[in-house]
Amino acid sequence: MQTKLDTKKIITIVAIFLGTGLLLSLIPIIISSFYSHPLADDFGFSEKVNHVVKNGGGLFDILSASFQQVKDTYLDWQGTYAAIFVFSLQPAAFSEHIYFLTTFVMLTALIASTLFFVNTIFNILGYDKKIGIIISFVILLLSIHFVVDKKEAFFWWNGSSYYTLFYSFSLLFFSILIKLYYAEKIIKKVIFLIISLLLAAILGGGNYSTALLTTVILAFAIFLLIKHKKKISLCYVMIFLILITGFVISMIAPGNSVRAAAITGESPVKAIIHSVFYAVVYIAKWTGLAQLAGFSVIGFFAYILTKNSKYKFQYPFIVFVLSVLVFATQLTPPLYAMSSVGSGRQINIYYYSYYIFMSFNIFYIIGWINQKDIVRIRTKNIQKSFSVCTLLLIIGVFLCGCLNYGLHNITFVDTLLALKNSTPQTYSAEYLDRISQIKNGNTTISDIKTVPDFFSPLCIEEDSDFWINKQIARYYDVDKVTLKTE
């Protein structure tokens with residue numbers, strides 16, 4: 001006689017297994033962070049704050065320096081005011097010993113916002129929150145360890161905060177909007193409204209991909225509420241207007257025209273067409289065996305949750321196409337501005353959101369299958385042998401996906417092996433040596449030789465007028481910095 005496992009026990013076991021795996025997998029990433037240091041734009045955007053700190057300035061002086069940085073950059077380089085403010089506060093501007101906080105901030109923001117977002121949706125739908133936690137863990141494990149550009153996702157303040165952090169803000173924003181819509185107590189409505197307005201202003205002044213995607217989703221949500229004759233409060237109109245206003249203020253910055261003069265972009269129509277094309281390409285490219293293993297876990301629990309759902313899933317094909325089009329909107333700004341989908345740090349947020357959009361479609365399609373009664377699986381009690389075999393199959397597919405992806409490319413493996421080989425430690429020692437030379441007046445230095453995959457060299461050049469050279473020189477109050485020729 002075969003032993004049966006209660007579905008609730010399976011949910012608990014899977015949640016514990018994935019949660020433990022996620023926590024353990026973060027250890028080498030966190031340890032590596034203690035060997036990271038500021039690079040490139042970190043110096044330029046935090047120069048004013050750093051000088052204030054070194055001169056013993058207080059909180060008011062620091063904030064004043066940050067706002068001055070926002071003003072100067074808005075006028076001569078880019079209009080993303082909220083992002084520039086964040087750039088100016090990079091950890092090393094306060095102490096070179098706390099730059100590791102970059103990784104802590106990015107990972108905490110990504111993990112917390114994903115858990116909060118999924119939990120908010122599951123709470124509203126009345127679904128089992130433990131399953132929501134499982135789905136969050138699946139999304140996070142794949143997002144963190146298969147991320148497109150790990151060094152620009154978690155180890156570089158300027159690049160990471162501009163994209164990973166603002167992506168996290170967007171998840172928090174939509175979570176708060178949902179809570180605002182369903183809040184009954186006045187005090188909760190007021191609190192959620194204030195937070196929403198603040199986040200709208202922040203997102204409007206963040207990177208253009210996240211700002212546009214957030215605007216499109218909010219506009220689409222308002223449209224659906226109106227279409228279904230749902231009550232739209234003045235709150236949502238205010239939030240939308242703040243978001244749009246911030247976005248417009250960012251776009252009309254004088255500095256944008258200065259930057260655009262050196263870059264050739266695409267026409268609006270061409271950019272839109274290309275954004276859809278690249279969105280499809282990326283979805284196909286990123287859907288490997290490891291992702292399919294993760295999606296199968298999400299699909300299994302989607303089947304359980306939508307089995308007797310009161311919600312209707314009538315148009316899976318239309319919903320999928322619309323979701324791809326919405327997903328593609330975040331690719332449009334860089335294509336329009338510079339005829340490119342962006343650098344690794346920007347592609348990272350497409351990658352994070354890919355899992356959110358795919359999970360949504362999996363739920364919708366599985367819900368449609370359930371309502372059509374196409375597949376019948378007994379989920380109340382599942383044979384233990386069936387559960388074990390299914391779990392082993394999923395693990396097997398995931399491991400094959402890891403091998404196909406390249407074990408050394410996985411963030412956990414890459415950071416673990418690097419620590420074993422002492423490359424982050426050597427990198428840090430070389431970096432500190434170069435900075436010490438600059439501080440001691442030797443401003444002709446060689447670049448860092450030992451660089452892990454997830455870090456970057458200083459990238460200085462022989463020309464002291466190169467922008468990175470100039471930013472480092474201003475940051476450390478020296479006349480110039482030059483690359484030593486070997």
Side-chain angles (χ1 to χ4, degrees), residues 1-27 107 110-146 171 175 289-311 313 355-356 358-402 410 412:
M1 183 175 180
Q2 290 190 321
T3 304
K4 293 182 178 179
L5 282 177
D6 187 272
T7 305
K8 290 184 178 180
K9 289 184 178 179
I10 295 176
I11 293 171
T12 301
I13 291 169
V14 173
I16 293 172
F17 175 76
L18 291 175
T20 303
L22 177 61
L23 286 174
L24 292 175
S25 71
L26 296 178
I27 293 174
L107 286 175
L110 183 61
I111 292 170
S113 63
T114 302
L115 285 166
F116 186 55
F117 178 70
V118 175
N119 178 73
T120 300
I121 292 174
F122 270 56
N123 186 49
I124 295 302
L125 296 178
Y127 290 163
D128 189 332
K129 292 182 181 179
K130 284 186 179 179
I131 296 180
I133 291 173
I134 289 173
I135 291 171
S136 297
F137 286 159
V138 170
I139 291 172
L140 288 167
L141 280 164
L142 293 170
S143 296
I144 292 170
H145 296 292
F146 292 83
L171 291 186
S175 302
L289 291 175
Q291 286 70 30
L292 289 175
F295 294 153
S296 66
V297 173
I298 295 173
F300 171 76
F301 289 111
Y303 182 86
I304 294 174
L305 293 174
T306 61
K307 186 67 177 173
N308 299 305
S309 177
K310 63 181 179 180
Y311 301 100
F313 307 91
Y355 288 109
I356 300 294
M358 289 298 288
S359 298
F360 167 76
N361 279 287
I362 288 168
F363 261 83
Y364 200 96
I365 292 169
I366 295 294
W368 176 77
I369 290 173
N370 262 330
Q371 291 183 349
K372 292 293 182 180
D373 207 20
I374 296 173
V375 178
R376 296 183 181 182
I377 300 175
R378 291 175 58 194
T379 57
K380 186 176 181 180
N381 290 291
I382 301 174
Q383 296 293 345
K384 186 174 181 180
S385 59
F386 174 79
S387 300
V388 172
C389 289
T390 303
L391 179 61
L392 290 175
L393 177 62
I394 291 172
I395 293 174
V397 172
F398 177 75
L399 291 175
C400 288
C402 290
I410 298 171
F412 166 73

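Because the structure is a prediction, the values reported are computed rather than measured.
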Inset, instruction - Identify which one of T306, I298, I304 satisfies the side chain to side chain contact (heavy atoms under 4.5 Å, CB included) criterion when paired with I366. - result: T306
Inset, instruction - Could you tell me which non-hydrogen atom of L115 sits nearest to which non-hydrogen atom of S136, and how far apart they are? - result: CD2-CB, 3.4 Å
Legend entry - CD1 on I395 to SG on C402, rounded to 0.5 Å: 11.0 Å
Inset, instruction - Would you list the pairs meeting side chain to side chain donor-acceptor pair (under 3.5 Å) in which at least one residue belongs to residues 15-25, sequence neighbours left out? - result: S25-H145
Legend entry - Residues that N123 engages under side-chain contact (heavy atoms from CB on, under 4.5 Å), provided they are two or more places apart: K129
Inset, instruction - Starting at CD1 of I369, measure out to NZ of K307 and round the result to the nearest 0.5 Å. - result: 11.0 Å
Inset, instruction - Give, for atom CG of L110 and atom CG of L140, the distance between the pair rounded to the nearest 0.5 Å. - result: 5.5 Å
Inset, instruction - Measure across G299 and I362 and return the closest heavy-atom pair with its distance rounded to 0.1 Å. - result: CA-CG2, 3.7 Å
Legend entry - All side-chain contact (heavy atoms from CB on, under 4.5 Å) counterparts of I394, not counting sequence neighbours: A293, S296, V297, T390
Inset, instruction - Return the set of residues passing ring pair (Phe, Tyr, Trp, His ring centres under 6.0 Å) with Y364 (not counting sequence neighbours), or none when no residue passes. - result: F313
Legend entry - By ring pair (Phe, Tyr, Trp, His ring centres under 6.0 Å) - contacts of F412 (at least two apart): none
Legend entry - Non-hydrogen side-chain atoms of L289 and F398 separated by less than 4.5 Å: no
Inset, instruction - Report yes if some heavy atom in the side chain of L305 is under 4.5 Å from a heavy atom in the side chain of F363; otherwise report no. - result: yes
Legend entry - Any residue meeting ring pair (Phe, Tyr, Trp, His ring centres under 6.0 Å) with Y127, in chain and number order, not counting sequence neighbours: F122
Legend entry - Gap between atom OG1 of T114 and atom CD1 of I144 - 0.5 Å precision: 8.0 Å
Legend entry - Atom pair OG1 (T120) and CZ (F117), whose distance is rounded to the nearest 0.5 Å: 8.0 Å
Legend entry - Rounded distance (nearest 0.5 Å) linking atom CG of L142 with atom CZ of F137: 13.5 Å
